[in-house]
Amino acid sequence: MHPTSPAQFEASQAGAIPEPERVRDDVWALAQRMPGGYLPYSLLYLLRDSDGAFHVIDPGWNSPENWATVTDVLGTLGASVADVRSITATHLHPDHIGLAARLREASGAPLQLHETEAVAIGSPFETPADANATALQLDAWGVPNVRRAEILRVTHQASRFVPPATDRTLVDGERLDIPGFDLCAMLTPGHTSGHLCLRDDERSLLFTGDHLLPMMYAGLGLGAPSDTNPLADYLTSLERVSGYPDHEVLPGHGYRFQGVVDRAAETAEHHRRRSREVATVLADAPDSSTWQIASRLTWSAGWPKLEDFLLYSALAQTEMHRDYLASTVVGS
Ligand SMILES: [Zn+2]
């Protein structure tokens with residue numbers, strides 16, 4: 001894997017925000033700031049079609065500053081928000097789709113997602129029943145009483161995000177209606193169950209959202225509940241994007257890069273290693289709770305430092321590996 005944008009790479013390493021930049025004649029990348037300090041920015045992609053109109057992929061977090069970034073860049077290109085014709089989101093997370101409602105309202109452009117993701121958006125995460133379900137899940141995971149409040153707070157906050165209405169749904173293999181582009185939707189479940197990558201074979205571009213990232217391994221199973229194991233789905237989705245070895249990857253965070261095959265292999269190995277680690281803990285102590293397993297795994301921040309969302313995510317990932325192990329034999 002090697003970065004294809006030195007500016008994005010350097011900003012990513014320094015925790016800074018890169019300037020908007022041109023990726024191809026008619027494709028731009030805009031860094032959109034994120035609150036919270038966990039990741040500094042997401043990447044919005046702006047496409048100019050052969051009629052001179054614009055199309056947005058992953059608008060980013062909803063903030064006045066991010067709105068100004070989009071309108072400023074459109075302005076420098078001699079256009080305005082009224083020239084936006086479509087908004088496509090790779091998945092339903094607020095750092096990708098948050099600004100979509102404002103953009104949709106101002107431009108009249110339809111918002112589109114994969115049909116699975118659109119259904120998930122239509123069902124609120126937090127109802128009284130869901131709050132109960134979260135509490136029961138924490139019981140099942142063996143979360144100590146002193147740590148329950150912070151996790152319940154996180155899941156409640158996540159539920160306060162009101163996703164925008166979806167106008168169109170996309171299916172796997174569908175060509176997006178963008179004149180001058182042959183952009184194909186690829187269903188890549190794992191990070192969320194309806195996550196989409198977008199592929200442009202003519203320009204050799206692969207928009208990967210949070211499916212494949214250069215500087216971190218995104219969590220899995222972070223969307224609507226699925227009947228299938230997110231890790232099993234994810235490993236298949238990684239193989240899928242590996243079928244385009246010469247495409248430049250335009251990810252949802254970090255920096256663009258070449259080398260999708262290597263990065264997908266590293267990412268798969270990261271998750272397989274984690275499964276083996278969970279298997280080792282279970283071999284030693286088969287009755288461990290999810291909390292007990294997670295506390296014995298290696299975490300880059302260190303287990304004692306995991307708090308709030310990161311703690312919730314760590315427990316959810318541990319549970320997913322445990323399920324995966326129960327349903328398959330993990331190779332060494
Ligand atoms: Zn995401």
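Every number for a ligand or one of its atoms is a count from 1 in the order of the listing. Hydrogens, waters and symmetry mates are skipped; everything else that's a heavy atom, side chains included, is used. This is a predicted model, so every value here is computed, not measured.
Counting only distances under 2.8 Å, and ignoring water, the protein N, O or S atoms around the Zn ion (ligand 1) are His91 NE2, His93 ND1, His191 NE2, Asp210 OD2.
Residues forming a side chain to side chain contact (heavy atoms under 4.5 Å, CB included) with Arg240 (at least two apart in sequence, or on another chain): Asp172, Met186, Leu187. Contacts of Phe207 classified as ring-ring contact (aromatic ring centres under 6.0 Å, His included), with partners at least two apart in sequence or in another chain: Tyr45.
For the pair Gln8 and Ser5, the tightest heavy-atom approach, listed with the atom from each and the gap, is N-OG, 3.0 Å.
A salt bridge links Arg203 and Asp26; the closest N-O separation between the charged side-chain nitrogens and carboxylate oxygens is under 4.0 Å.
Pairs of residues two or more places apart, or lying in two chains, that qualify as ring-ring contact (aromatic ring centres under 6.0 Å, His included) and include a residue from residues 69-106 are His91-His93, His91-His96, His91-His191, His91-His195, His93-His191, His96-His253.
Cation-pi geometry between Arg102 and Trp67 is satisfied (NZ or CZ under 6.0 Å from the ring centre, within 45° of the ring normal).
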